[in-house]
Every structure is written in C-alpha cells, then in structure tokens.
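First up is the structure itself, then whatever we jot down about it.
Within every chain, numbering begins at 1; the chains are lettered A, B, ... in the order of the sequence lines, protein sequences first and strands thereafter. Reckoned from all heavy atoms, side chains included, excluding hydrogens, waters and symmetry mates.
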Amino acid sequence: MSRKIVIPFGPQHPVLPEPIHLDLVLEDETVVEAVPSIGYVHRGLETLITKREYPEYVYIAERTCGICSFIHGMTYCQGIEQIMGVEVPDRAHYLRTIWSEYSRLHSHLLWLGLFADGMGFENLFMNCWRQRETVLDVLEETTGGRVIQGSCKVGGVRKDIPAATLERMLSDLDPFEIKLKELADIFLHDDSVIHRTKGVGILPPDEAYALGAVGPTGRGSGVAIDMRMTGYAAYGKLNFTPVVENDGDCYSRCAVRVKELFTSIDLIRQAIRQIPEGETEVKVKGNPDGEYFSRSEQPRGELVHYVKGNGTKHIVRSRIRTPTLTNIPPLVKMMQGCELADVPVIVLSIDPCIGCMER
Amino acid sequence: MSYMKKSPWIMHYDASSCNGCDIEVLACLTPLYDVERFGIINTGNPKHTDIFVVTGGINEQNRAVVKNIYDQIPEPKVVVAVGICATSGGVFRECYNIMGGIDKIIPVDVYVPGCAARPESIIDGIVTALGVLEKKRQLMKEPAGKTDVTGGEKK
C-alpha cells in the first residue's frame, strides 16, 4: 500500500490554454481521484441581460465563448424569435447553418491541434492550425470577423453572402477536403497518436449516459445525441447522420471529431446548393413576453439558452447551459485509474472550453 | 531588432477572457503568422518568461493567480494586456464578478486593443514590448536606486 499524494494541476499549466484547476490524488503514478475546482473565468455575464436591451444582448451572448461565438448568438436569437413568433426567412436559416458549420470546422481543427500539442506532436498541431486559417478566411470574408462574427441578429442575419462568393466557397471546399483527409489519416492511423490515445480515459456507454455526457464526448461512447437532428435552422432540410464511435476512449472521441469535419463539409455543400433566394431578415416589432429553452449543437455538445421576457425590452432572466460544464462529471470519471502522464490528453479529450463553462 | 541578444519568450495566461483573444494569441504562433521563426516561444514556465501576455479582465478568483505568476517572472519583465477586456473589462465591465483590467493588479506596459484582438495587432504589441524590455534591461545595468525599473510605459 503506497502513500497517497495530491498534485495540483492548473490553473496555469503548459497544456491548458485556459484555467481549470484539478487536484489529482495519486497513488504511485496512478490517479485515484480528480477533484475539479472552477471559477477562474467566471464573469457573470448572464446578469448583463437586465442592463441591455434584448437585441443588444446578442453581442454579449456571442462573447460567452470566442470559439463557438456564432452558435451562441444564433441560439439566443432562436429563443427570442420563438417567444415572439418571428418567422425567420429561409435564406437566413441557410446562412446561419453555413456559418454554424464553418464555426464547427474551425473549432474542431483548433481542438485537433491542441490535442496533438497535448500529446507532444508539435508538427501536427501546426498543420491543423494552418488548415484552420482557411476556414477563418472564409468567416472573415463573409461576416467581417475572424473569431467573433456578430453577423446574427434577432429576426435573421445581418449580412448576405453574394451568389458568386457562395460558388467560390463551394469550389474551395474540394482542395480543403483533400488537405483535411491528409490530417485525418494521421489522427486515425499514426502509431504515435494511437499509442497515446487508444484505451486511455475510457468512459463506458452507460456511464456516459448516466453522467450526462453530450456532444463528441457522448458520441465517442456510443451515445448518439446530436441536437442538429432536431432540425433547427436549416438542418431539418439537410441529410446527415451523427458520427458515433463505441470504444469510449480518447481515440474514439478524437475519431468522432475528425469524422465530423467531413460531415460539416458535406452539410456546407448541401446548404450552398439548396440555399433559396430572398430576404435575409425580417423587421422585429414589440418585446418578448414568455420563456423558451433554445437548444442547439455546439462543437462541444448540446447548448441550452433559456430566456424569459416580461413584455419589456429588457429580458428578465437568461440562463446558459454549456456543454463543457456537463462534460466535467464524465471527465472526473475518465480520470479515475489513469496514469499521471495521460492526464493532459484526457483533460483535452473532452474539448474543455472554460470560457463557455464559467460564463 | 539587432539589439536583441536572446529570443524573447512569452507566457500566455487567460484571466477571464472569452477565448477569442486566447486563440488569436495562439494563432500568432502558428504557420500563417508564425512568430516562432523569430524565436518567440510560448512557454508554460514563469521562470523562463520575458513577456507576460494576459487576456481577459480580473475577477475575484484569478487575481491571486495573476499576481502569483507575475511575481514568479524574473526581472526584467514586460506585461502585455491583450484585448479590450484586459485593458478595461470591455463588454464585461458591468458584470458583478469583473473588477476591471489587468492594471488593477499588476503594472501593464503595453495595451493591445480589439475585441477580439487581431493577430496583427497582438504581434505589434509584442514588438512594442520588446522595445520596453530592452529599455528595462538597460535600466537594470545602472547603479541601484537611480531609476525605478518597474515603471512602465504606455503604448
């Protein structure tokens, strides 16, 4: 029987781009228990909703997280539109879908890079981020912002994409897909990656479901939950199936995200081919009165924006449930019994977005 | 840059940013902008750091962390506040848990504007910081007590 020691991990740590603190209880080199503590990034932005008018809060909602900012803004707008019964034009729905999928591409590429960095594969990190810049160029060209887009508004979208640009985006996807296939090949078949990820941080399917794992963390353990299947925005008119892997280890979670890159590309292709002509926004009159749970699929999983209005221009309550917070209990479960050296890989495997989580 | 005798290493800490500026700081290091070709490396160790890059505002829980990291960095050191949140609190200024910019806790030498700050402006901020770093290094060579080495310079 060896002695137990506690090693602090974070908030400032070389593999963590963001602060989260874990107390790792070790027995020799094995982690017996991981105790997370959070709150280093808590800002309290939900209370800002009482100080801003509801159309202005879209900007705040977008700044919940700089990685999936567009999806946050869109989910909030969907909530308000549902309360007020606003019929958003079809073209706006398609544009929202296209931007959402580009956001997912950039988020997954970002994560794949950080994951590679976490296991010490520096070259792969750089290559993922090189490809990510292609996505950011499209986002910047069409919305005006690289990471914070600000193109969504209550009642539609602020900007239209001209037909010529859409054509070019469509043709640019082919060379981009070839580049991604090269990356995918390394993530799925390279020996170094498999050695660091296969059989590490296993989350069994029943545990994943019971602990409420969402997004790629859940789908890597065989829980086929994908909010895009509910058909918000234009997803109901597009064909796709959620990517599911059954092993529940870091490799599965990585494989889900790698394969989702191609799902996203396929969705963008379908959306660009089907996009109808027409208006991109409707005028919104009056104030929201009522409450709504708006759900969407963020790159990290299910995102819920709860909004409650009382007929004035100020919303009474906003509540955001982000996927990372939901994925923390599964993370604690995964870390029980793992080696200390695997901790960075396991922590990164849930794609922690602390900025979202603590709001 | 000929006066630079050694490569400046940076350390990035996310105080309470939304991630927007953080990923732009990382984007500076990766192939499109690639400041690593000038020897600017993102290190995780405060003891190896010359330039401390902070994003996001200060809140109740991370003020001790930021102060602690700052204290561990050896002199001469330069602090760069990246993004409007690190400068003044930005959109989150009125949030109950935000105390304001980084300069409430530690002296800041260079402020980089933007929400999120663009990689070009972050690189510009780091280059400005290199000048400040060299100035502080020169000051350290002077006899003690003559000048205040911690005194910053606003951009």
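In terms of modelled atom types and a separation under 3.5 Å, the side chain of B:N97 and the main chain of A:G44 share no donor-acceptor contact. Between the B:N62 side chain and the A:Y40 main chain, a donor and an acceptor come within less than 3.5 Å of each other.
Within a 6.0 Å sphere centred on NZ of A:K179, heavy atoms belonging to other residues, nucleotides or ligands number 12 at most. Remark: A:Y59 OH is loosely packed, at most 12 non-hydrogen atoms of other residues, nucleotides or ligands lying under 6.0 Å away.
Put simply, OG on A:S69 and CG on B:N19 are 10.0 Å apart, with the number rounded to the nearest 0.5 Å. Atom OG of B:S17 is separated from atom CZ of A:R63 by 11.0 Å, given to the nearest 0.5 angstrom. In this structure, CG in B:D34 is found 13.5 Å from CH2 in A:W129, a value given to the nearest 0.5 Å.
Contact annotation for B:Y96: both backbone and side-chain heavy atoms come within less than 4.5 Å of a heavy atom of chain A. Of the atoms belonging to A:I49, not a single heavy atom falls under 4.5 Å from chain B. In this structure, chain B has a heavy atom under 4.5 Å from the side chain of A:F125, while its backbone stays farther away. In this structure, chain A has heavy atoms under 4.5 Å from both the backbone and the side chain of B:A116. Only the side chain of B:E24 comes within less than 4.5 Å of a heavy atom of chain A; its backbone N, CA, C and O stay farther away. Of the atoms belonging to A:T64, it is backbone heavy atoms, and not side-chain ones, that fall under 4.5 Å from chain B. At a 4.5 Å heavy-atom cutoff, the contact between B:I23 and chain A is made by backbone and side-chain atoms alike. Heavy atoms closer than 4.5 Å to chain B are found nowhere in A:H21, neither backbone nor side chain. Neither the backbone nor the side chain of B:R63 has a heavy atom closer than 4.5 Å to any heavy atom of chain A.
When all heavy atoms of B:Q61 and A:I38 are compared, the closest pair comes out as OE1-O, 3.4 Å.
In this view, A:Y76 and A:Y57 satisfy the ring-ring contact (aromatic ring centres under 6.0 Å, His included) rule, not counting sequence neighbours.
Residues of residues 83-95 of chain B that come closer than 4.5 Å to chain A, counting heavy atoms only, are B:V91, B:F92, B:E94, B:C95, ordered by residue number. Contacts of residues 134-146 of chain A with chain B at a heavy-atom distance below 4.5 Å involve A:E140, A:R146, listed in sequence order. Residues of residues 43-57 of chain B placed with any heavy atom under 4.5 Å of a heavy atom in chain A are listed by number as B:G44, B:P46.
Side-chain contact between B:L26 and A:L114 is present, with heavy atoms from C-beta onward closer than 4.5 Å. Side-chain contact between A:P19 and B:V65 is absent, with no heavy atoms from C-beta onward closer than 4.5 Å. Two residues are said to be in side-chain contact when any heavy atoms from C-beta on lie closer than 4.5 Å; A:R132 and B:T30 fail this criterion. For the pair B:C18/A:L45, no side-chain contact is recorded, criterion being any heavy-atom separation below 4.5 Å from C-beta on.
When each of A:R52, A:E62, A:E46 is scored by its heavy-atom pairs under 4.5 Å with chain B, the top score falls to A:R52.
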